[in-house]
Engineer: 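First, the structure itself, so that you have it in front of you.
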Amino acid sequence: MEALKSALYQACLDFIGIRMETAKTALAQAQEASNDDTKSSAGDKFETTREMMQQDIFRNKKLLADAEQNLNLLLSLEEVPLTEVVKNGSLVVTTQGIFYISISAGQLRIGDTVAFAISAASPVGQLMLNKKVGEVFTFNQKEYKIEAVH
């Protein structure tokens with residue numbers, strides 16, 4: 001299970017890396033387009049276009065900041081000690097699947113194993129927090145029993 005947890009951690013790092021690169025590229029393109037834009041005789045059209053570019057820049061800055069925040073969270077989970085209860089950084093095996101409590105990266109495939117990287121703040125993450133092996137919770141009308149916590 002430690003190998004799976006390490007592989008999921010790396011997959012999450014890769015996921016964040018891609019998100020950060022995508023946001024940086026989009027931000028650079030939006031800033032370049034904004035810098036290249038010249039004022040035309042159609043004043044209102046120019047102002048609308050300029051505002052749309054500013055919104056695009058703002059949106060990409062926010063995406064980059066979110067990705068950096070997720071990276072910092074993930075880095076803080078690299079050396080999480082094992083505990084009996086589910087917490088941020090735990091690998092949780094349930095009757096309904098395997099969950100890595102870390103960042104919201106969705107379904108990840110490691111070899112033949114499918115696991116879900118979820119945030120502790122997600123609805124199912126909230127239900128798992130502080131639970132122990134053998135405890136049960138219900139999510140979306142499905143019953144989950146915790147079989148192991150790593």
Side-chain angles (χ1 to χ4, degrees), residues 1-37 48-150:
M1 277 298 165
E2 276 307 306
L4 175 60
K5 188 174 179 180
S6 293
L8 287 168
Y9 177 82
Q10 186 59 52
C12 288
L13 278 177
D14 294 345
F15 175 82
I16 291 298
I18 291 168
R19 285 189 61 198
M20 288 178 74
E21 277 306 308
T22 301
K24 285 177 184 176
T25 301
L27 180 58
Q29 289 173 343
Q31 287 176 329
E32 186 177 314
S34 178
N35 293 339
D36 289 346
D37 195 32
T48 301
T49 302
R50 193 96 168 133
E51 177 60 28
M52 287 172 57
M53 287 180 187
Q54 285 303 105
Q55 287 178 6
D56 200 28
I57 289 169
F58 177 75
R59 183 175 50 256
N60 287 309
K61 281 183 177 180
K62 183 168 178 6
L63 288 173
L64 182 57
D66 288 346
E68 288 170 345
Q69 184 178 10
N70 277 331
L71 177 61
N72 289 334
L73 170 66
L74 197 56
L75 291 174
S76 75
L77 301 178
E78 187 173 15
E79 297 295 326
V80 173
L82 289 176
T83 63
E84 291 182 11
V85 300
V86 176
K87 64 179 187 170
N88 224 353
S90 294
L91 180 64
V92 185
V93 180
T94 74
T95 53
Q96 300 292 337
I98 301 171
F99 298 88
Y100 180 44
I101 313 296
S102 56
I103 62 166
S104 294
Q107 181 177 317
L108 301 172
R109 182 175 293 279
I110 308 296
D112 293 336
T113 304
V114 174
F116 296 90
I118 62 169
S119 165
S122 69
V124 71
Q126 286 286 304
L127 291 171
M128 276 191 233
L129 286 180
N130 300 312
K131 297 260 189 289
K132 295 180 182 176
V133 172
E135 290 192 64
V136 176
F137 64 93
T138 303
F139 179 70
N140 281 348
Q141 296 151 2
K142 278 187 180 178
E143 187 174 272
Y144 293 68
K145 181 178 181 182
I146 296 177
E147 297 177 332
V149 177
H150 301 278

Engineer: Evaluate side-chain contact (heavy atoms from CB on, under 4.5 Å) for Q31 paired with I57, printing each intermediate quantity in order.
Structural biologist: CA-CA 7 Å; Q31 287 176 329; I57 289 169; 3.9 Å; yes

Engineer: What do you reckon, is CD of Q69 surrounded by more than 12 foreign heavy atoms closer than 6.0 Å?
Structural biologist: no

Engineer: Work out which heavy atom in V86 is nearest to a heavy atom in M128; give both atom names and the distance.
Structural biologist: CB-O, 3.2 Å

Engineer: Begin with the C-alpha distance, continue with both residues' side-chain angles, and end with the deciding distance and a verdict on side-chain contact (heavy atoms from CB on, under 4.5 Å) for L129 and Q126.
Structural biologist: CA-CA 5 Å; L129 286 180; Q126 286 286 304; 4.0 Å; yes

Engineer: Taking all non-hydrogen atoms of both residues, which atom of L64 and which atom of K24 are closest, and how far apart?
Structural biologist: CD1-CG, 3.8 Å

Engineer: To the nearest 0.5 Å, how far apart are SG in C12 and CG in L75?
Structural biologist: 11.5 Å

Engineer: Looking only at heavy atoms, which two atoms of E147 and T95 are closest? And how far apart?
Structural biologist: OE2-CG2, 3.3 Å

Engineer: Among V136, V85, T94, I146, exactly one meets side chain to side chain contact (heavy atoms under 4.5 Å, CB included) together with K131. Which residue is that?
Structural biologist: I146

Engineer: For residues 2-29, which residue pairs pass the ring-ring contact (aromatic ring centres under 6.0 Å, His included) check, not counting sequence neighbours?
Structural biologist: none

Engineer: Are V149 and E135 packed together at the side-chain level, in the sense that at least one heavy-atom pair is separated by less than 4.5 angstrom?
Structural biologist: no

Engineer: Residues in salt bridge (charged side-chain N to carboxylate O under 4.0 Å, His left out) with K61, at least two apart?
Structural biologist: none

Engineer: With I103 as reference, evaluate I118, L77, L73 under the side chain to side chain contact (heavy atoms under 4.5 Å, CB included) test and give the passing residue.
Structural biologist: L73

Engineer: What heavy-atom pair brings L71 and M20 nearest, and what distance separates the two atoms?
Structural biologist: CD2-SD, 3.9 Å

Engineer: Any donor-acceptor pair under 3.5 Å linking the side-chain atoms of N72 with those of E68?
Structural biologist: no

Engineer: Tell me whether the rings of F137 and Y144 are parallel (<30°), tilted (30 to 60°) or perpendicular (>60°).
Structural biologist: parallel

Engineer: Look only at the side chain of D56 and the backbone of M52, and say whether a donor-acceptor pair between them is shorter than 3.5 Å.
Structural biologist: no

Engineer: In this structure, which one of L8, I98, L108 forms a side chain to side chain contact (heavy atoms under 4.5 Å, CB included) with T113?
Structural biologist: I98

Engineer: Please give me the minimum heavy-atom distance between K5 and G89, naming the atom from each residue.
Structural biologist: CE-O, 2.9 Å

Engineer: Could you tell me the separation between the CG atom of L13 and the CG atom of N70, rounded to the nearest 0.5 Å?
Structural biologist: 11.0 Å

Engineer: Hey, what do you get for CD (Q29) to CE (M53), rounding to the nearest 0.5 Å?
Structural biologist: 12.5 Å

Engineer: If you look at every heavy atom in S122 and S119, which pair is closest and at what distance?
Structural biologist: OG-O, 2.7 Å

